[in-house]
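Source: prediction; values computed, not measured.
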Amino acid sequence: MSGSPPRPPTTDGLSRPPARDPSPAPGPAPGPAPGRAAVRAAVRAHGPEGALAAASARYLRGEPIDMSALAADLGVGRATLYRWVGSRERLVAAVLAEMTERTYHAAARGVDGSGPDRILTVLDRFMRAVVDAPPLRAFTEREPRLFVRLATMPGAVEDRAAGLLARELQAEIDRGALAAPLPTRTLAQAIVRVADSFMYAHYLGGNRPEIDTALEVVALLLRPAPDGAAEAGGGGAGESPRRPGR
């Protein structure tokens, strides 16, 4: 750096390094918490994943997923945000799919038992958690039609739910606790559509969610397969399904 005095030459013509302080160097002083600019930079670095995380945070706070406000949160332009997520509807669908997975894992945590009883217990807990979730209530009050379209028609939300349930069904089949009458993915998709039609009955012209009815219909779908039909779902010895708690 200019203005520094020259170091004395050594016998080999190189500059002599400064003498080291024998005392250990102190650690870095704790700095301030990351500011908004640092948070935005971290989110921008993740691109679409950061946009999904920011939109999910807005959803969980009960706030609208407004693209202009979300772009401002991320510190990017609207064009960049749309390039990341495709469209607002696709982003909302991804948020709902993410919430579906989080709720499902929470519902399945700590559930004992096996076979149809376990599946019915997980579904019971899952559906009641969904209809009681404050963020979902806030969203459906603002955009009920969009929610019904995204949640009950083929797309990201149904695919995520069916995939989660198919893995649960296959695990029970693999340990011989369930004899599925249909291929696992087909059975999972049928259960999801049945559950949606009753769980969201109050958005489809009914007066209230009909979770108990949904569980009764799903119990019928989980009945042991007739002889020779178990191979369609992966085989395994089933048991007669019972409603949770009965």
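Heavy-atom neighbours of Arg90 CZ from other residues, nucleotides or ligands within 6.0 Å: at or below the threshold of 12. The 12-atom threshold is exceeded at CZ of Arg61, counting heavy atoms of other residues, nucleotides or ligands nearer than 6.0 Å.
The shortest distance between side-chain heavy atoms of Phe198 and Val217 falls below 4.5 Å. Arg58 has its side chain within reach of Asp73: a pair of non-hydrogen atoms, C-beta onward, lies under 4.5 Å apart. Ile119 is listed as a side-chain neighbour of Leu165, based on a closest heavy-atom distance under 4.5 Å. With contacts defined as side-chain heavy-atom distances shorter than 4.5 Å, the pair Leu146/Arg88 qualifies. Put simply, the side chain of Arg160 reaches to within 4.5 Å of the side chain of Glu98, judged on heavy atoms. With contacts defined as side-chain heavy-atom distances shorter than 4.5 Å, the pair Ser56/Leu52 qualifies. A heavy-atom distance below 4.5 Å is not found between the side chains of Ile211 and Leu123. Thr184 places none of its side-chain heavy atoms less than 4.5 Å from the side chain of Arg167.
Checked for salt-bridge contact, Asp132 and Arg128 miss the test: no charged N lies under 4.0 Å from a carboxylate O.
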Stepwise, does the side-chain contact (heavy atoms from CB on, under 4.5 Å) test hold for Thr152 with Tyr203?
-> CA-CA 11 Å; Thr152 64; Tyr203 299 128; over 6 Å; no
Would Gln189 and Glu158 count as a side-chain contact (heavy atoms from CB on, under 4.5 Å) if you check the C-alpha gap in whole Å, the side-chain angles of each, and the deciding distance to 0.1 Å?
-> CA-CA 8 Å; Gln189 190 173 52; Glu158 181 183 283; 3.2 Å; yes
Let me see the working for Arg145 and Val148 under side-chain contact (heavy atoms from CB on, under 4.5 Å), right down to the final yes or no.
-> CA-CA 5 Å; Arg145 293 183 180 178; Val148 168; 5.9 Å; no
Are Leu187 and Leu222 close enough, and set up right, to give a side-chain contact (heavy atoms from CB on, under 4.5 Å), and what steps lead you there?
-> CA-CA 9 Å; Leu187 179 59; Leu222 294 176; 4.2 Å; yes
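Atoms CG and CE, from Leu136 and Met99 in turn, are 11.0 Å apart once rounded to the nearest 0.5 Å. Residue Glu141 holds its CD atom at 12.5 Å from CZ of Phe147, rounded to the nearest 0.5 Å. Atoms CD1 and CZ, from Ile65 and Phe139 in turn, are 6.0 Å apart once rounded to the nearest 0.5 Å. Separating the CZ atom in Arg142 from the CD atom in Glu63 is a distance of 8.5 Å, to the nearest 0.5 Å. Here CD1 of Ile191 is found 13.0 Å from CZ of Arg193. Values are rounded to the nearest 0.5 Å. Distance CG/Asp112 to OG1/Thr121: 9.5 Å, rounded to 0.5 Å.
Taking all atoms of both residues into account, the shortest heavy-atom contact from Ala161 to Thr100 is CB-CG2, 4.0 Å. In terms of heavy-atom proximity, Ala188 sits nearest to Ala162 at CB-O, 3.5 Å. Minimum interatomic distance between Asp196 and Ala151 (heavy atoms only, all atoms of both residues): OD2-O, 3.1 Å. Contact detail for Ala51 and Val85: the closest heavy-atom pair is CB-CG1, 3.8 Å. Of all non-hydrogen atoms in Met127 and Ala195, the two that sit nearest each other are SD-CB, 3.8 Å. Closest heavy-atom contact between Ala201 and Arg208: CB-O, 3.6 Å.
Looking only at distances, a side-chain donor or acceptor of Thr140 sits under 3.5 Å from a matching main-chain atom of Arg137. Judged purely by atom type and a 3.5 angstrom limit, Arg118 uses its side chain to pair as donor or acceptor with the backbone of Val111.
Side chain to side chain, Ser68 and Arg78 meet the donor-acceptor criterion of an N or O pair below 3.5 Å. Between the side chains of Tyr82 and Ser87, not a single donor N or O lies within less than 3.5 Å of an accepting N or O.
Hydrophobic clustering (ILVMFWY, side-chain heavy atoms < 4.5 Å, transitive): Met153 and Leu91 are in distinct clusters.
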